[in-house]
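Numbering of residues begins at 1 and proceeds along the displayed sequence.
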Amino acid sequence: MKRERIKELIEILNKANQAYYQDANEIMSNREYDELYDELVALEKETGIVFANSPTVNVGYEVVSELPKEEHASPMLSLDKTKEISELESFAGDRDCVLSWKLDGLTVVLDYEDGKLTKAVTRGNGTVGEVITANAKTFENLPVSIAHKGKVTLRGEAIIKYSDFEEINKEIEDADAKYKNPRNLCSGSVRQLDSKVTASRHVNFIAFALISADGVDFGNSIAKQLEWLEEQGFETVERKIVTKANMAEAVKFFADKIQTYDYPSDGLVLMYDDIEYGLSLGVTVKFPRNGIAFKWQDEEAQTKLKTIEWNASRTGLINPIAVFDPVELEGTTVSRASVHNVSIVEELQLGIGDEIKVYKANMIIPQISENITKSGKIDIPSKCPVCDGETEIRNENGVKTLYCKNPECPAKQIKLYTLFVTRNAMNIDGLSEETLEKFIDAGYIKEFADIYHLDRFKDEIVETPGFGEKSYEKIIESVENSRECELHALIFGLGIPQVGVANAKMICKALDYDLDKVRNASIEELIAIDGVGDVMADKFREYFDDEKHIRELDNLLKEVKIKAHEKSNLEQNMEGLVFVVTGSVEKFENRDAVKAYIEARGGKVTNSVTSKTDYLINNDVNSTSSKNKKAKELGKEILTEEEFLAKFD
């Protein structure tokens with residue numbers, strides 16, 4: 001099918017573009033690229049379909065000061081809801097209906113004229129929405145041009161897939177800053193003032209209703225409307241034609257599929273396929289009568305509350321987690337559920353040993369629905385579970401939450417531990433930010449040295465959800481491998497403010513790779529080191545003047561051994577020179593190898609071209625990249641690898 005070939009070509013070409021422009025890696029020849037590009041242009045011209053993410057489209061990003069408001073031509077009403085399949089069967093009666101996903105994103109109305117997208121407006125409050133046309137043009141699968149030249153208006157859901165949501169969250173180091181769910185991320189992404197931000201969020205558009213299309217006869221069928229939208233290039237909501245007779249079977253199909261479905265969904269929608277019949281039924285005060293929404297019937301189970309765990313986060317917030325006897329829900333074993341805050345603990349009157357009912361909200365998130373015995377015997381902890389510091393209850397807008405008051409609580413310093421285990425520091429694989437947060441919450445880690453005694457908690461770690469014997473062994477192996485380290489890696493891993501890995505190398509080198517000299521260096525000695533300024537020197541000295549830091553470093557030194565620095569026998573012919581390396585390399589294995597080559601000869605490598613840069617190394621001397629442009633502006637010499645090696649080898 002030509003539309004599918006267009007999508008395939010877009011995916012292939014976009015991967016090639018990313019590899020070439022972002023990763024400096026060529027995955028196809030120019031000739032291959034040009035042939036595929038020409039094929040795409042021809043197909044777009046033939047079908048009239050041009051998707052927003054096509055490499056043939058040059059979408060200019062737009063920044064606005066505010067999103068204009070616009071009233072909808074007719075109010076967008078919500079559907080009445082049910083959790084009973086019998087009500088769906090009763091609604092269908094003896095008529096054919098269309099059963100589809102109820103997608104959980106942000107509803108958007110699109111207008112096309114003369115085959116071009118002219119306007120996109122959010123649902124808003126149902127009467128007035130916000131105009132987001134520039135943002136819509138960045139939706140990954142949205143056609144900005146279609147074959148039909150008459151006026152077209154349709155509705156659909158702007159949505160972010162779970163897989164994309166997880167990838168976006170992986171890029172955010174701060175656990176508290178991570179997005180809570182795809183719907184919230186999508187809502188914020190679609191309503192950005194800068195459309196470039198929207199483009200980075202991988203928003204998709206799924207059409208679910210055609211409002212009008214000039215000059216097209218759909219045979220009075222919603223199903224045929226959706227098929228026509230597919231012919232125009234739109235991705236439409238997955239659906240089934242159903243009757244009263246096969247309703248239960250169709251609902252089961254969707255219920256089974258939601259377990260692995262990549263699009264967020266909070267139920268199903270049932271509409272009469274007969275358009276005129278549905279419209280003839282009119283509306284109630286709140287709902288149109290031509291459709292009904294089906295909310296998942298939450299499977300409940302009764303169990304016994306074993307305990308409440310209180311987990312501290314980096315903001316100091318201490319969250320209650322209910323731990324109960326394991327039960328089966330929606331095909332999985334569940335034994336834990338978040339209780340969210342102190343107010344909910346009190347409202348549910350929770351107590352150890354209480355009989356409670358639990359369910360999975362939208363078949364995904366475990367929750368407590370009811371406390372049957374209501375003993376109310378939970379004591380709110382006065383001490384932080386991580387640092388044993390004093391806690392306090394805060395009441396914000398009528399919601400009570402528990403906080404740790406200790407500013408030095410390890411849970412508040414998760415970034416510090418995340419830095420400590422990175423490749424440029426102690427290089428401990430397996431200790432992701434999420435894993436560290438779990439271990440700190442559980443009390444396994446209270447200072448750096450504790451990482452080297454995780455074996456004390458083997459049983460607990462192996463039994464932690466998401467872990468097992470193999471995961472534990474990999475972590476311990478990586479911890480053991482890190483016991484011998486370079487001095488600069490240790491200094492960088494301590495997380496001293498202002499001191500990056502390059503600065504740590506400079507300081508260690510200037511002070512003869514002697515830890516005593518490093519930790520006792522005066523501000524004057526530090527400032528005398530090229531590249532160390534007043535602020536960095538102050539922060540460095542301040543760190544080693546802190547008794548707590550010294551005590552923790554001494555404890556850490558009982559666990560690790562600093563490698564003796566081997567002086568390079570290579571000629572130090574790059575001493576004092578600053579290099580920037582960009583683009584693909586041919587003579588070296590990768591850019592890190594170039595960096596190592598330069599540093600072994602006394603040079604320094606930075607990421608940005610500045611007035612302090614001496615040379616930019618780029619095999620594409622005539623590139624129009626930002627680094628090349630900056631180097632030329634500043635009059636810095638740009639060298640190919642061959643020129644670099646000829647000059648310094």
Side-chain angles (χ1 to χ4, degrees), residues 173-176 309-319 321 381 383-391 404-487 489-497 515 519 543-544 546-562:
E173 292 185 0
D174 187 342
D176 286 340
E309 291 182 357
W310 296 85
N311 293 344
S313 74
R314 71 187 59 197
T315 61
L317 177 66
I318 303 175
N319 297 302
I321 305 292
K383 298 291 184 182
C384 171
V386 173
C387 70
D388 211 32
E390 188 179 345
T391 65
C404 172
K405 296 172 67 176
N406 176 16
E408 297 298 318
C409 178
K412 296 181 181 180
Q413 300 179 39
I414 186 69
K415 276 188 176 295
L416 190 61
Y417 292 92
T418 304
L419 173 69
F420 182 80
V421 302
T422 56
R423 186 179 52 155
N424 287 326
M426 301 305 288
N427 193 23
I428 304 176
D429 287 332
L431 289 180
S432 66
E433 185 170 321
E434 289 79 8
T435 298
L436 284 166
E437 195 157 14
K438 287 178 182 178
F439 288 1
I440 290 169
D441 285 351
Y444 308 157
I445 300 173
K446 295 183 179 179
E447 61 177 277
F448 293 134
D450 292 336
I451 291 173
Y452 294 89
H453 294 289
L454 288 173
D455 54 341
R456 297 171 180 169
F457 306 99
K458 177 181 178 180
D459 292 342
E460 292 90 336
I461 292 172
V462 169
E463 292 173 8
T464 300
F467 289 85
E469 192 77 35
K470 286 186 178 179
S471 299
Y472 167 80
E473 288 174 358
K474 283 182 180 178
I475 290 172
I476 295 301
E477 181 183 1
S478 189
V479 167
E480 292 302 313
N481 289 340
S482 74
R483 285 187 182 272
E484 193 171 2
C485 64
E486 301 278 0
L487 177 60
L490 177 68
I491 297 300
F492 170 62
L494 295 176
I496 303 169
L515 177 57
R519 68 196 294 182
Y543 183 91
F544 286 107
D546 187 304
E547 290 183 10
K548 176 176 174 291
H549 292 154
I550 292 298
R551 183 177 66 254
E552 291 186 354
L553 175 59
D554 287 340
N555 289 340
L556 178 59
L557 291 171
K558 294 174 186 175
E559 308 299 333
V560 301
K561 178 184 177 183
I562 297 171

If you compare all heavy atoms of Ala425 against all heavy atoms of Gly493, which two are closest, and at what distance to 0.1 Å? CB-CA, 3.6 Å
Nearest 0.5 Å, please: how far is CG in Leu490 from OG in Ser482? 10.5 Å
Side-chain donor-acceptor contacts of residues 454-463 below 3.5 Å, not counting sequence neighbours, with atom names and distances?
from, atom 1, to, atom 2, distance (Å)
Lys458, NZ, Glu469, OE2, 3.2

Does any part of the side chain of Ile491, heavy atoms only, come nearer than 4.5 Å to the side chain of Leu515, both counted from C-beta? yes
To the nearest 0.5 Å, what is the distance between CZ (Arg423) and CG (Asp429)? 10.0 Å
Within the 4.5 Å heavy-atom criterion, are Asn406 and Asp388 side-chain neighbours or not? no
Would you compute the distance between atom CZ of Phe420 and atom CG of Leu556 and round it to the nearest 0.5 angstrom? 4.5 Å
Sub-4.5 Å side-chain heavy-atom contact between Ile451 and Phe439: no
Using modelled atom types only, decide if a donor and an acceptor are shared between the side chain of Thr422 and the backbone of Leu419 within a distance under 3.5 Å. yes
Crowding at NZ, Lys548 (>12 non-hydrogen neighbours, <6.0 Å): yes
What distance do Leu436 atom CG and Lys438 atom NZ have between them, rounded to the nearest 0.5 Å? 11.5 Å
For Ala312 against Pro385, the heavy-atom pair lying closest together: N-CG, 4.4 Å
Output yes when a side-chain donor or acceptor of Asp450 lies under 3.5 Å from a complementary backbone atom of Glu447, and no otherwise. yes
Tyr472: ring pair (Phe, Tyr, Trp, His ring centres under 6.0 Å) partners, not counting sequence neighbours: none
Are Glu559 and Arg483 packed together at the side-chain level, in the sense that at least one heavy-atom pair is separated by less than 4.5 angstrom? yes
Using every non-hydrogen atom in the two residues, find where Thr391 and Pro381 come nearest and quote the distance to one decimal. OG1-O, 2.8 Å
Residues Val560, Met426; criterion side-chain contact (heavy atoms from CB on, under 4.5 Å); working and verdict: CA-CA 10 Å; Val560 301; Met426 301 305 288; 4.0 Å; yes
Using the side-chain contact (heavy atoms from CB on, under 4.5 Å) rule, take Leu416 and Phe448 through it: C-alpha gap first, then chi angles, then the decisive distance, then the call. CA-CA 9 Å; Leu416 190 61; Phe448 293 134; 3.8 Å; yes
Within this structure, what is the CG-NZ distance for the pair Leu431 and Lys474, rounded to the nearest 0.5 Å? 13.5 Å
Audit row: Phe467, Thr435, side-chain contact (heavy atoms from CB on, under 4.5 Å) steps and yes/no: CA-CA 10 Å; Phe467 289 85; Thr435 298; 3.5 Å; yes
Side chains of Arg519 and Ile550 in contact at under 4.5 Å (non-hydrogen atoms): yes
Rounded to the nearest 0.5 Å, what separation is found between the CD1 atom of Ile428 and the CD atom of Glu477? 12.5 Å
